[in-house]
Amino acid sequence: MAWGSFITVFLLSTFKFMFAPFTGAILKLTFLETFLICAAGGTFGAAVFYFSAEYFMKRSKAKHQLTYELAIKNNLQWIPKKKFTKFNRFIIRLKRTFGIYGISFWAPFFLSVPIGSIITAKFYGKLKKTFPLIVLGMFINSLIMTSFAHLF
């Protein structure tokens, strides 16, 4: 067994899921090994960031508030961040077009597992079916990308 290859593909799939199957193919892992390791790594990363999304959102808000207070304290001009960026508009368009299924399946895949899981938790974190949909999406995306990686 090539434990170094397994760990490499697992860790890569916890953060940037889209490219992990290609790494598995380059490291000469079999189709089944690559598929299972990528699905497990993506699911692990999604679980960590989905269930800790509230912490990250609170931390981001506190950091923003601290920056604002420091600017006021030091008599600096406060320029608020734009709320309607192109990225935010893209996420809202994705949410309105595809709903919970599009966000759960494709946000962790195209953006990254941490960002996609946090966005999914922000929009649909109260629904019980959200995390199982993310896991299903990880397995489907892993099957598709592993097939694509081992085909070429």
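These numbers come from the heavy atoms of this one structure, side chains and all, not from hydrogens, waters or symmetry mates. Model, not experiment: these values are computed from the prediction.
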- Message: My understanding is that only residues two or more places apart in sequence, or in another chain, count here; which of them pass side-chain hydrogen bond (donor to acceptor under 3.5 Å, both in side chains) with Lys73?
- Response: none
Exercise answer: donor-acceptor pairs, residues 143-152 side-chain atoms, under 3.5 Å, sequence neighbours excluded:
{"from": "Thr146", "atom 1": "OG1", "to": "Ser142", "atom 2": "O", "distance (Å)": "2.6"}
{"from": "Ser147", "atom 1": "OG", "to": "Leu143", "atom 2": "O", "distance (Å)": "2.7"}
{"from": "His150", "atom 1": "NE2", "to": "Thr34", "atom 2": "OG1", "distance (Å)": "3.3"}

- Message: Between Asn141 (side chain only) and Gly137 (backbone N and O only), is there a donor and an acceptor less than 3.5 Å apart?
- Response: yes
- Task: Could I get the full list of side-chain hydrogen bond (donor to acceptor under 3.5 Å, both in side chains) partners for Thr30, not counting sequence neighbours?
- Result: Glu33
- What orientation do Trp106 and Phe109 show, parallel under 30°, tilted 30 to 60°, or perpendicular over 60°? perpendicular
Which atom pairs, one a donor and one an acceptor, fall under 3.5 Å between side chains of residues 121-132 and the rest of the protein, sequence neighbours left out?
{"from": "Thr130", "atom 1": "OG1", "to": "Tyr124", "atom 2": "O", "distance (Å)": "2.6"}
{"from": "Thr130", "atom 1": "OG1", "to": "Leu127", "atom 2": "O", "distance (Å)": "3.2"}

- Task: Can you sort out the partners of Phe15 under ring pair (Phe, Tyr, Trp, His ring centres under 6.0 Å), two or more places apart, ordered by chain and number?
- Result: none
- Qualifying residues under side-chain hydrogen bond (donor to acceptor under 3.5 Å, both in side chains), relative to Gln77, sequence neighbours excluded: none
- By side-chain hydrogen bond (donor to acceptor under 3.5 Å, both in side chains), His64 pairs with (sequence neighbours left out) none
- Message: Tell me if a side-chain donor or acceptor on Thr43 pairs with a main-chain N or O of Ala40 at a distance below 3.5 Å.
- Response: no
- Message: Which residues pass the ring pair (Phe, Tyr, Trp, His ring centres under 6.0 Å) test with Phe44, not counting sequence neighbours?
- Response: Phe10
- For Phe19, all residues meeting ring pair (Phe, Tyr, Trp, His ring centres under 6.0 Å), sequence neighbours excluded: none
- Query: Residues two or more places apart in sequence or in another chain: which of them pass ring pair (Phe, Tyr, Trp, His ring centres under 6.0 Å) with Tyr55?
  - Reply: none
- Quick one: are Phe105 and Ile140 in side-chain contact, heavy atoms under 4.5 Å? yes
- Nearest non-hydrogen partners of Gly4 and Thr8, listed with the distance: O-OG1, 2.7 Å
- Message: Is any side-chain heavy atom of Leu111 closer than 4.5 Å to one of Ile91?
- Response: yes
- Taking side chain to side chain contact (heavy atoms under 4.5 Å, CB included) as the test, write out the residues that go with Phe98, two or more places apart. Leu94
- Going by chain and number, the hydrophobic cluster around Leu70 (ILVMFWY, side chain to side chain under 4.5 Å) further includes Leu66
- Check the hydrophobic clustering (I, L, V, M, F, W, Y; side-chain heavy atoms under 4.5 Å; chains of links allowed) and say if Met138 and Leu12 are grouped together. no
